[in-house]
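The figures that follow rest on heavy atoms only: side chains count, while hydrogens, waters and symmetry mates do not.
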Amino acid sequence: MSLKEQAYSVLVVSSVDNFHSAMTAMLPEVSFQPVVKVSTVAEAQRAAAERSFDFVIINAPLKDDIGVRFAIDCSTSHNSLVLFLISNEIHGDVYAKVAEHGVFTLPKPMSKQTMDNALRWLLTAKRKLSGAEKKTTKIEDKMEEIRLVNKAKWLLISNEGLLEPEAHRFLEKEAMNRCITKKEVAQEIIDKYSQ
């Protein structure tokens, strides 16, 4: 699926109404939906508790907090890509606090072109992370299958008196004959002997 075919959810946190308007204009609905706009950290925390967001854009400072802790939480706990916009005077200090947690920062003021580039970087990073997550899921699934198959083999060895190669062949043959996966056969054997 290409970036153009994927719609990403966005949480925009800013106490400045003009920023919300500018972000709405920069985030085309085809690629970004829904776009949820809030003005405080408390509202942002509620929104993040209700649903996960692909991207969180924070225009600091906010009415109730600067937003550093929220940015870190979104990046680490919610697996969102976070863009934290902060005044140039304190950008270096904020960057030092949030960078190790995967939060992207930009100093303000900035141009529209800089913001557009930052959004493109976020999209690229999201695509790269999605690919890594898919690979991780495949590896985890394969490891789970190996665990189940090994457990089923040992149940066959201890309950049916088979040798390990015989148990392995039994699982493979049963899966092939029934057109199901070895994992499914293994789960059936585990269920049978666990009762």
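- The backbone N or O of S9 lies less than 3.5 Å from a partner atom in the side chain of D54, making a donor-acceptor pair.
- Judged as a side-chain contact (heavy atoms from CB on, under 4.5 Å), and not counting sequence neighbours, the contacts of I190 are L148, K151, A152, L155, Q187, S194.
- Taken to the nearest 0.5 Å, the OG atom of S80 stands 7.0 Å off from the NZ atom of K126.
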* Start with the C-alpha gap between E166 and R169, add the side-chain angles, then the distance that decides, and say whether salt bridge (Lys or Arg N to Asp or Glu O under 4.0 Å) holds. => CA-CA 5 Å; E166 294 171 325; R169 275 194 302 278; 5.1 Å; no

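- Annotation: side chain of L27 is not in contact with side chain of F55 (no heavy-atom distance under 4.5 Å).
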* Derivation and outcome, side chain to side chain contact (heavy atoms under 4.5 Å, CB included), residues V35 and M23 -> CA-CA 9 Å; V35 177; M23 289 310 303; over 6 Å; no

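- Nearest heavy atom pair, residue G67 against residue I58, reads O-CD1, 4.2 Å.
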* To do: Test R69 against D73 for salt bridge (Lys or Arg N to Asp or Glu O under 4.0 Å), laying out the working first.
  => CA-CA 6 Å; R69 179 80 266 165; D73 288 345; 3.4 Å; yes

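- Remark: the backbone N or O of S39 is not paired with any side-chain donor or acceptor of S14 at under 3.5 angstrom.
- Across every non-hydrogen atom of L11 and F70, the tightest pair is CD2-CZ, 4.0 Å.
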* Asked: What's the verdict on salt bridge (Lys or Arg N to Asp or Glu O under 4.0 Å) for D116 and K112, showing C-alpha distance, side-chain angles and the deciding distance?
  -> CA-CA 6 Å; D116 189 51; K112 183 178 186 244; over 6 Å; no

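- No donor-acceptor distance shorter than 3.5 angstrom exists from the side chain of E50 to the backbone of A47, with no hydrogens or angles considered.
- Counting non-hydrogen atoms of neighbouring residues, nucleotides and ligands closer than 6.0 angstrom, the NZ atom of K97 reaches no more than 12 such neighbours.
- Residues F104 and A125 approach most closely at CZ-CB, 4.3 Å, considering heavy atoms.
- Applying the side-chain contact (heavy atoms from CB on, under 4.5 Å) rule to T24 yields the partners K37; only residues at least two apart in sequence or on another chain are considered.
- By the 4.5 Å heavy-atom criterion applied to side chains, V12 and H20 are counted as neighbours.
- Criterion: ILVMFWY side-chain heavy atoms under 4.5 Å apart, direct or through other members. Under it, V10 and L85 are part of a common hydrophobic cluster.
- For the pair I57/V13, no side-chain contact is recorded, criterion being any heavy-atom separation below 4.5 Å from C-beta on.
- The closest side-chain heavy-atom distance from I86 to K108 is not below 4.5 Å.
- In this structure the side chain of E184 never reaches within 4.5 angstrom of the side chain of R178, judged on heavy atoms.
- Taken from CG in N150 to CD in E145, the straight-line distance is 10.5 Å, to the nearest 0.5 Å.
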* To do: Dump the intermediate steps for side chain to side chain donor-acceptor pair (under 3.5 Å) on H168 and E164, then the final yes or no.
  => CA-CA 6 Å; H168 186 79; E164 194 275 336; 4.8 Å; no

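- In the model, K192 has no side-chain atom that pairs as donor or acceptor with a side-chain atom of N159 under 3.5 Å.
- At a threshold of 4.5 Å between non-hydrogen side-chain atoms, the residues M115 and L83 count as touching.
- Residue Y95 qualifies as open at atom OH: its count of foreign heavy atoms under 6.0 Å is 12 or below.
- A heavy-atom distance below 4.5 Å is not found between the side chains of E174 and E188.
- Residues V56 and C74 share a closest heavy-atom pair of CG2-SG, 4.1 Å.
- Of the possible polar contacts, none joining the N88 side chain to the P107 backbone as a donor-acceptor pair under 3.5 Å is found.
- Contact annotation: the side chain of I157 never approaches that of L163 to less than 4.5 Å [non-hydrogen atoms, C-beta and beyond].
- The hydrophobic cluster containing V36 also contains V41, counting ILVMFWY residues as joined when their side-chain heavy atoms lie under 4.5 angstrom apart, directly or transitively.
- N59 contributes no side-chain N or O that, together with a main-chain N or O of V16, makes up a donor-acceptor pair within less than 3.5 Å.
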* Which is it for I189 and L171 under the side chain to side chain contact (heavy atoms under 4.5 Å, CB included) test, yes or no, and what are the steps along the way? -> CA-CA 9 Å; I189 291 168; L171 287 166; 3.4 Å; yes

